[in-house]
Asker: 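Before I ask anything, here is the structure I am working with.
Order of the sequence lines fixes the chain letters, A, B, ..., with proteins taken first and strands second; residue numbering starts at 1 for each chain.
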Protein chains: 2
Amino acid sequence: MTDIEKQTEERIFESATEIFIEKGMDGARMQDIADHAGINKALLHYYYRSKEHLFEAVFEKMAAVMFSRFSPVFDEKTSLEDKIRFFFREHISFLQKNPRLPAFILNEVNRNPARIKKLIQRYNINEFWNTLESQHHDELIRYNIRREKMAQLMTSIAAISIFPFAARGIMEVLFEKSGQDFNDYLEQRKDFAAEFVIRALKGSGTE
Amino acid sequence: MTDIEKQTEERIFESATEIFIEKGMDGARMQDIADHAGINKALLHYYYRSKEHLFEAVFEKMAAVMFSRFSPVFDEKTSLEDKIRFFFREHISFLQKNPRLPAFILNEVNRNPARIKKLIQRYNINEFWNTLESQHHDELIRYNIRREKMAQLMTSIAAISIFPFAARGIMEVLFEKSGQDFNDYLEQRKDFAAEFVIRALKGSGTE
DNA sequence: ATATGGTTTAACCGAATGGTCAAAAGTAGA
DNA sequence: TCTACTTTTGACCATTCGGTTAAACCATAT
């Protein structure tokens, strides 16, 4: 692959990413992507056979980026509580830089669930749990988190971090009306979310 | 308005609702809506001038339905904790019957934020807070919830309830892989969510 | 019966869309 | 410079889409 080819293909991919995230699969136009990349529309089909192929490339990349942000948690050799603090700080910071990513992923997955299936095959959620359990066995018992509750806890954590971005359109309007600032809210949220979850955990103990 | 006219107009509206929720504004086809309603495509334009008009009618109705589900909380003369329990039970039950509503609303709002603006004008979020404050003054002080934290708390509650439906496409695949059932998860969530939030509140007191 | 006015349809239209193709332009080796 | 190959383009195509129109249909009142 030559340098120029790489340049062109990359420019196409980046333009497609921008347009697809903004307009969605159905709303995006191949002509808009070509214009944005400064090339002829036929070139899109030269590098990516069809709109479907191009979208799939973008979607898989973005989904991988999104999911990869969950894994650093497993590298840390810290307590569960510190992991939670670390996660919210890092994850919300990441989403501040990519605020439209959650809405894009969630919408396209709901529109076509088959798309995410093969991507998810790579991840083993039970192994995910096993890792956490081995790392935090004592804490999980102390917090009375059994396997069924694990899904509840993890989805609640994800929800608290992701939802403000998924509902960004509503929240920004709501905040504007009440004189609050969405960015301030997000900054505060990094700490609030962590302490919120940790308090909920502490109160659930068997002791 | 005659009976037949009402029948037709309603059938159009219901078909449009179904198609728009499933495919979104951009993905929906006027022909599909007409077919679904069992009528000629021109009739759509006879009752609703354009696709935009038809969509707006559907969107505003669905947004109103969604928002109206937050207000019963203010009628209850119970403690804050019981209100939280009541809210999760009712709200998740409602979403179980309308599982695609959150993704539809969130996506279309993000795609075109202007659409929700005029709807939100009707609601006064500061008055909302004032009502809650007058009803639960003592509890809010005990839980150390000041005005800035109110937005954090309310959005966390909304997130915990709504997110599983917004991320339904991912969660169903994830659950299938790990041998869990999404409906069981939702049933458990009604209680889990309430106790989770209440524990988080209790731990935040000034005492 | 017939005129009136709202309702419904089949046929049609222009624009936009994803996609194709043959030729031009560019590149690199002999 | 000639040749073989890849990259890029403009023109074009078939189809789809939202929307229009004129006529048919139908219930009701006179």
Asker: Can a salt bridge be assigned to the pair A/R115 and A/E52 using a cut-off of 4.0 Å between side-chain N and carboxylate O?
Answerer: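 Yes, charged N to carboxylate O under 4.0 Å.
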Asker: Do A/K83 and A/Q135 meet the criterion of a side-chain donor-acceptor pair at a distance under 3.5 Å?
Answerer: yes
Asker: Round to the nearest Å and state the distance from B/L54 atom CG to D/dG18 atom P.
Answerer: 11 Å
Asker: Tell me: CG of B/D32 to P of D/dT16, nearest whole Å?
Answerer: 12 Å
Asker: How long is the line joining CD of B/E9 and P of C/dT8, in whole Å?
Answerer: 10 Å
Asker: Any chance the side chains of B/Q180 and B/D184 put a donor and an acceptor closer than 3.5 Å?
Answerer: no
Asker: Which nucleotides of nucleotides 15-22 of chain C have their base under 4.0 Å from a protein heavy atom (B), which only their sugar-phosphate (S), and which neither (-), written as one string 5' to 3'?
Answerer: --SBBBB-
Asker: Whole-Å distance between D/dT6 P and A/L43 CG?
Answerer: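 The answer, rounded to whole Å, is 15 Å.
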Asker: Rounding to a whole Å, what distance do you find between A/L44:CG and D/dT9:P?
Answerer: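 After rounding, the gap between these two atoms is 10 Å.
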Asker: In whole angstrom, what separates B/Y46's OH from D/dC25's P?
Answerer: 17 Å
Asker: Given atom CD1 of B/I39 and atom P of D/dC25, what is their separation to the nearest angstrom?
Answerer: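 In whole Å, D/dC25 P and B/I39 CD1 are 19 Å from each other.
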Asker: Regarding B/E90 and B/K190, does a basic nitrogen lie under 4.0 Å from an acidic carboxylate oxygen?
Answerer: no
Asker: Answer yes when B/D191 and B/R89 have at least one side-chain N-carboxylate O distance shorter than 4.0 Å, and no when they do not.
Answerer: yes
Asker: Using a strict 4.0 Å threshold on nitrogen-to-oxygen distance, state whether B/K118 and B/E56 make a salt bridge.
Answerer: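 A salt bridge links B/K118 with B/E56.
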